[in-house]
Trainee: 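Below you will find the structure I want to go over with you.
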Amino acid sequence: MKLWGDRFGKESSEEAFQFSASLPFDRRLWKHDIRGSVAHAGMLGKCGIIPQAEAEQIIAGLKQIETDIQTALDRNEDPFDPQSEDIHTEIERKLTEKIGEVAGRLHTARSRNDQVALDLRLYLRDACDEIGKSLIRLQEALIAQAESHLKTETILPGYTHRQHAQPVLLSHHLLAYFWKFQRDRDRVCDCRRRINVSPLGAAALAGTSYPIDPALTAAELEFPCAFDNSMDAVSDRDFAVEFLAVAATCMSHLSSLAGELVLWSSAEFGFVILDDAWCTGSSIMPQKRNPDIAELVNGKAGRVLGHLVGLVSLLKGLPLTYNRDLQEDKEAVFDSHNTLCGSLGVMAGMLQNAAFQSGQMLEAVKASPFLAATEVADYLAKKRVPFRQAHSLTAKIVRSCEEKKKSLADLSLEEWKKFSPLFDADIEELLEVGAVVKAKASPGGTAPQEVTKAIMKAKQVMQAPREG
Ligand code: ARG
């Protein structure tokens, strides 16, 4: 069945049909398509555009089709006819099969152009809610690990430029990701607000001559409002671009976290042991435990970014209004949604079960000779040496230690005093790792008291209601 076949003198070529059919991927919109059609039919009836009784017949038929499809899917049967070019055609075909000619009234005052825009918005609204939930699960895993490692005050070298910089609490490090994902949640809600506009009633592009009520269908479908301009409504895919941008940003956060876990699970670092259930082996090297899951998350970030670039390239320069090019939006959106939800899920599971190695981390801190160098400069600066001078003197101390293959902790008080008489016995305890971390008590810093507050705040913001 085709919704437009009678215009043509012959059948489409099989090749052209296969090339242009979207049923193989837009089938996943079936529920949203039915929901939109139910709302549309209801509106047609209420506005007196079609007889109320027929609207009810159409709605009952659509609901029956929903049950039929679900039953078939549950039985692992394919409910869709591959002869239909898209999901809209397929649902209408099923409706005709079920209720006969009356089905033909459903498409009154509607086009597939507003229909497909509606379906995609309904789909993405659900996707946003699902992603929000997956983000919460990941954030909870981060908080749980941060809490347990705050109790033990697990310390590791903090890095800048991939070089040892200053010691930090592992909890602080993990919470850094919490905030990235918190912003991702904000972005999901924000983009959901713009997804949440009904395009139904725009028809093909110009609106319609029937006395429709787009506000009614919008309300029925739980949209706070309907479109303002019918031509914008059928051509707009900004909401999909935003969704992909949010997904790509979140994937980039996930890939950083995943990349760190890969690095940390290496023999050189040994900062984490990933649970067996989240690792894979090698077919040839019996000893291997590979962090494939984390590696894949990193790899998959690239494809989501690719989808974002792909969609923007598709839209760039596209004239108004609906163009078939727009059909290409769906696979980008669907794949990004799958990839993001899958990645969020495995990262939460992997983190929950990760064994961070506090002993190894502490060893790395202790083996790092100059992690406390900033403390030395600050010590002098607090004794009124201008910070630049304090920095310069400390740099000289570091160089001299390097020459003598010593760490700062190895220096005796006499040696300190040779560099400056301002050094007293208290310098030694100041350089102790725990003290260095404790000293970073500025707001949002890594001192345990600050991290304790940060965990409380993190828990609070997670509970806060959000709109989208
Ligand atoms: N499969 C199409 C899409 O995804 C549905 C809309 C088709 N509209 C049309 N005028 N051919 O964009």
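Just so it is clear, the model here is predicted, and its values are computed rather than measured. Counting starts at 1 for both ligands and their atoms, following the listed order. We number each residue from 1, following the sequence as shown.
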Trainee: Identify, by atom number and element, the atoms of ligand 1 in contact range of D86, meaning under 4.0 Å from any of its heavy atoms.
Mentor: 1 (N), 5 (C)
Trainee: Can we say K46 and D213 salt-bridge, meaning some charged N sits less than 4.0 Å from an Asp/Glu carboxylate O?
Mentor: no
Trainee: For atom 10 (N) of ligand 1, what is the closest protein heavy atom, and at what distance to 0.1 Å?
Mentor: N113 OD1, 3.1 Å
Trainee: Quick one: sort the W30 and F80 rings into parallel, tilted or perpendicular, breaks at 30° and 60°.
Mentor: tilted
Trainee: Backbone, side chain, both or neither: what part of H88 comes under 4.0 angstrom of ligand 1, heavy atoms only?
Mentor: side chain
Trainee: Please determine, by modelled atom types, if Q18 and E14 share a side-chain donor-acceptor pair under 3.5 angstrom.
Mentor: yes
Trainee: Among protein heavy atoms, which lies nearest atom 1 (N) of ligand 1, and at what distance?
Mentor: Q327 OE1, 2.8 Å
Trainee: Any idea which protein heavy atom is nearest atom 11 (N) of ligand 1, and the distance to it?
Mentor: R112 NH2, 3.7 Å
Trainee: Does one side chain, of R185 or Q182, offer a donor that lies under 3.5 Å from an acceptor on the other?
Mentor: yes
Trainee: Of T452, L170, L174, L175, which is the lone residue that meets side chain to side chain contact (heavy atoms under 4.5 Å, CB included) with L150?
Mentor: T452
Trainee: Out of the candidates R187, R194, R192, only one should pair with D190 under the side chain to side chain donor-acceptor pair (under 3.5 Å) rule; please name it.
Mentor: R194
Trainee: Could you find the nearest protein heavy atom to atom 7 (C) of ligand 1 and give me its residue, atom name and distance?
Mentor: Y322 OH, 3.5 Å
Trainee: Among all protein heavy atoms, pick out the one at the shortest distance from atom 4 (O) of ligand 1; state its residue, atom name and that distance to 0.1 Å.
Mentor: K330 NZ, 2.7 Å
Trainee: Taking only heavy atoms of S22 into account, list the atoms of ligand 1 that are under 4.0 Å away from them.
Mentor: 1 (N)
